[in-house]
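A short write-up of the structure that comes next.
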Amino acid sequence: IQNLFIWNRLFLLVFCNSTESLIYFSLAVLQALEDGLKRADADPSVKAVTICGENGKFSAGADIRGFSSPNKQGLGLGPIVSLIERSEKPVVAAIEGIALGGGLEVTLGCHYRIAHVQARMGLPEVTIGLLPGAEGTQRLPRLIGVPAALDIITTGRHISASEALKLGLVDEVVEENTVEAAIRLANRLIGQPLGHRRLSLKPVPKLPNMEAFLTEALVKVKKRAQGCLAPELCFQAIKAATEQPFADGVRKERELFNILLTSGQAKALQYAFFAERAVEKWTTPSGASWKTASPQPIRKAAVIGLGTMGRGIVTSLVKAKIPVVALEQDLEYLNTGRKAVMLLLEREAMKMEQGGQTLDFNNPARLQFAVDFDVLRDVDLVIEAVFENMALKKEIFNKLSRICKPEAFLCTNTSALNIDEIASVTSRPQQVIGTHFFSPAHVMRLLEIIYGRHTSPTTIATAMQLAKVMKKVGVVVGNCFGFVGNRMMFPYVQQAVFLLEEGSRPEDVDQVLEDFGFKIGPFRMSDLAGLDVGWRSRKDQGLTGPTLAPGTSARQRHGYRYSPLPDLLCEKGRFGQKTGKGWYQYEKAGGRTAKPDPWIHSFLSEYRDTHQIKTRFIDQEEILERCLFTLINEGFDILAEGIASGPEHLDVVYINGYGWPKHRGGPMFYASTVGLPNILAKLQKYSEIHPDVPQLRPSAFLKKLVAMGNPPLNDWMSYLHRQSNKL
Ligand SMILES: CCCCCCCCCCCCC/C=C/C(=O)SCCNC(=O)CCNC(=O)[C@H](O)C(C)(C)COP(=O)(O)OP(=O)(O)OC[C@H]1O[C@@H](n2cnc3c(N)ncnc32)[C@H](O)[C@@H]1OP(=O)(O)O
């Protein structure tokens, strides 16, 4: 796996990997590195050493799959880094492409580091639930100081070569051949003293107020971590570097690393890492995939509608350097939309400038605003982002079908509507696809990509490629009401509201789910999104409002339990943050700080009296189980119906679009950790208590998996196929 060349008194150690495009460390690579170093050390003709990667890539760190292998003896990279550092011959790292995790830690053992201008570096272990366990938490603060090391290690962010140079992480940045530059430097260093370059011998740079700095930093780290253990343990390891000698710090690092390595959180985060990459390789039940379809180039796109969603989508396209035409129905709406888009772009440009990048949006060739559909004649793809109204969407798609060139793709940004019905009014249903962006669309990473009955594989491939270019996580799903995300969200929110009827307060329910790790609970979320959105949809469905049949029972629809609570709030004008009142009260209309509202408390108790519901104390366990297990239960139905091709899809949707805590791996991964028999038993229990709530009745697929002995998550789908084969 590793090539070693001796060349003109210089030993060149090259990380190679014959099968993978990225180089990550296996036991064999580590062994070869150790052997190579020892050989270089023992050979008197060798005067200096350079370490580099093959084909312009240094290393992506340890093979993440190795962390869940039962044989973890190979986790001994630290001693090899020390071996590099102790070498009496100068060792220079030539960093090209990426140097991440263990890869960067290897360079910290080297006496000098040279990076290519386009190289990226980082210690992303925290993102997979670990810490830099090859002595990185002890060497990095000694090299670049505690504040910068803390930032890099606890966030796991990648840094550019220029930032690395500014921080002192690398000694030199080159634009040409990095390996040659490293060899030249290594040759110059022969015979020079190296003691001052050994990081383990250096003290951690002092801060005038180290204690106060660390206390404040810990508060920030914990706040950002939202229940994830790794950032705090990264912090503890760095703190040890400030308090203890190097060897003791390393012992502490190892101890903390082992806690993380065996934690459920690390397993969940590593699962999430691979799940995200698995959904990128989409397939449909008919067998379409990247192998059978090629994405078409998008040279120019259009967005119709400059409301909240449209503005974010335009911003994302501009950031992805795709020329875009933004269309509104009249000049008044266009001007409002244009101002809002320009403001978003200015803010994005400012953020990008801080990272040394530029954003060109004042060029009409890049961004054009119009009210006339005729400007859409030459676009390759249109994203319609008007509000959720089937009649309006159909009118627009019919027009698009007539105006756009025959090969143009037509996307609809919808969170629930039927893609087939929208496609039916066009002459090209094979080029119609759903693209469900999440608000704010220029920030949120998730893009649900919904194929209809006639959508072609090429259209799916093109939408997936667009997601990639826009730096979003595209998840291909089938067409059903609410698709994956909102369909699973519905029973979760429904349970939350039922809990209010039975005795909870909005803040009790939110607290339990936020303690679980959700960024915001269901009621805070509802206030943020606006209660009127769901109200409009329920009115369209005839569940409330003027079309409701007279005499319909207040708390029943179609024979099942229904809660009119959200409708009643809307009737009182309580739409959430935008009106300053919803499930909570806010300082003003548009305010952001949710305060429990005594009005809601008395409203709820009057409501219970009116409907003769006996208020009871509901414990945290019941709140959590009823909300989460109904969401998971719906997930099993989605899998059984073939709406998503695996549990990873559901998990990636929830992590990236719904604030599900990543360190719990997503709802289906979480279900596998709770154990499917436990989930089934609880659903059966609650379903017996609430027979009028179909969402609590266990999914047939869940029951089947339990009957099959609770197989691991990776095997779930194979049981589904067995079932359909039998049918
Ligand atoms: C037997 C047990 C022991 C074995 C282990 C021995 C080594 C022990 C060393 C111990 C040292 C402890 C401390 C060190 C810890 C670490 O180094 S942890 C790892 C840190 N590194 C990362 O977290 C990097 C993760 N990767 C990425 O962020 C990205 O992949 C990338 C490098 C930035 C590249 O991005 P992109 O070009 O978009 O490609 P991707 O699609 O993301 O990846 C391509 C394929 O490569 C797979 N992959 C990437 N990195 C790793 C990795 N580190 N380990 C395993 N696999 C990796 C990725 O899954 C993709 O695979 P496919 O989907 O199959 O194509």
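The figures here come from the full heavy-atom set of this structure, side chains too, leaving out hydrogens, waters and symmetry mates. Along the sequence shown, residues carry numbers from 1. Note that ligands are numbered from 1 as they come in the structure, with each ligand's atoms numbered from 1 the same way.
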Could you list which atoms of ligand 1 come closer than 4.0 Å to a heavy atom of [X]?
| X | answer |
| --- | --- |
| Glu105 | 13 (C), 14 (C) |
| Gly133 | 13 (C) |
| Phe273 | 25 (C), 26 (N), 27 (C), 59 (O) |
| Gly101 | 17 (O), 20 (C) |
| Ile98 | 32 (C) |
| Gly102 | 14 (C), 16 (C), 17 (O) |
| Phe67 | 15 (C), 18 (S) |
| Arg65 | 55 (C), 56 (N) |

Aromatic ring proximity [X]/[Y], centre distance under 6.0 Å:
| X | Y | result |
| --- | --- | --- |
| Tyr658 | Phe438 | yes |
| Tyr271 | Tyr670 | no |
| Trp282 | Tyr451 | no |

Query raised in the report: Can Pro124 be said to touch ligand 1, with heavy atoms closer than 4.0 Å?
Result: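 Per 4.0 Å heavy-atom rule, Pro124 contacts ligand 1.
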Report task. Determine, for Phe669 and Arg664, whether the Lys NZ or Arg CZ falls below 6.0 Å from the six-membered ring centre while staying within 45 degrees of the axis. Result -> no
Report task. Taking the six-membered ring of Phe67 (Phe, Tyr or Trp), confirm whether the NZ or CZ of Arg65 is under 6.0 Å from its centre and within 45° of its axis. Result ->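 No.
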Query - Among Leu260, Thr154, Ile153, the one residue meeting side chain to side chain contact (heavy atoms under 4.5 Å, CB included) with Leu131 - result: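 Among the candidates, only Leu260 passes.
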Could an N or O of ligand 1 be found under 3.5 Å from any N or O of [X], whether backbone or side chain?
| X | result |
| --- | --- |
| Phe274 | no |
| Leu77 | no |
| His158 | no |
| Ile64 | yes |
| Ala60 | yes |

Requested in this report: Compare Arg277, Arg120, Lys281 and give the one whose heavy atom is closest to atom 63 (O) of ligand 1.
Outcome: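 Of the listed residues, Lys281 has the closest heavy atom.
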**Report entry** CZ (Arg120) with more than 12 external heavy atoms under 6.0 Å
**Finding:**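 Atom CZ in Arg120 is not crowded, with 12 or fewer foreign heavy atoms closer than 6.0 Å.
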Requested in this report: Verify the neighbour count for atom NZ of Lys472: are there more than 12 heavy atoms of other residues, nucleotides or ligands below 6.0 Å?
Outcome: yes
Query raised in the report: Below 4.5 Å, heavy atoms only, C-beta onward: do Met121 and Glu163 meet side chain to side chain?
Result: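 Of all side-chain heavy-atom pairs linking Glu163 with Met121, none is under 4.5 Å.
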Query - Contact partition for Val29 relative to ligand 1, non-hydrogen atoms under 4.0 Å - result: neither
Report task. Indicate yes or no: does Arg445 engage Glu276 in a salt bridge with an N to O separation below 4.0 Å. Result -> yes
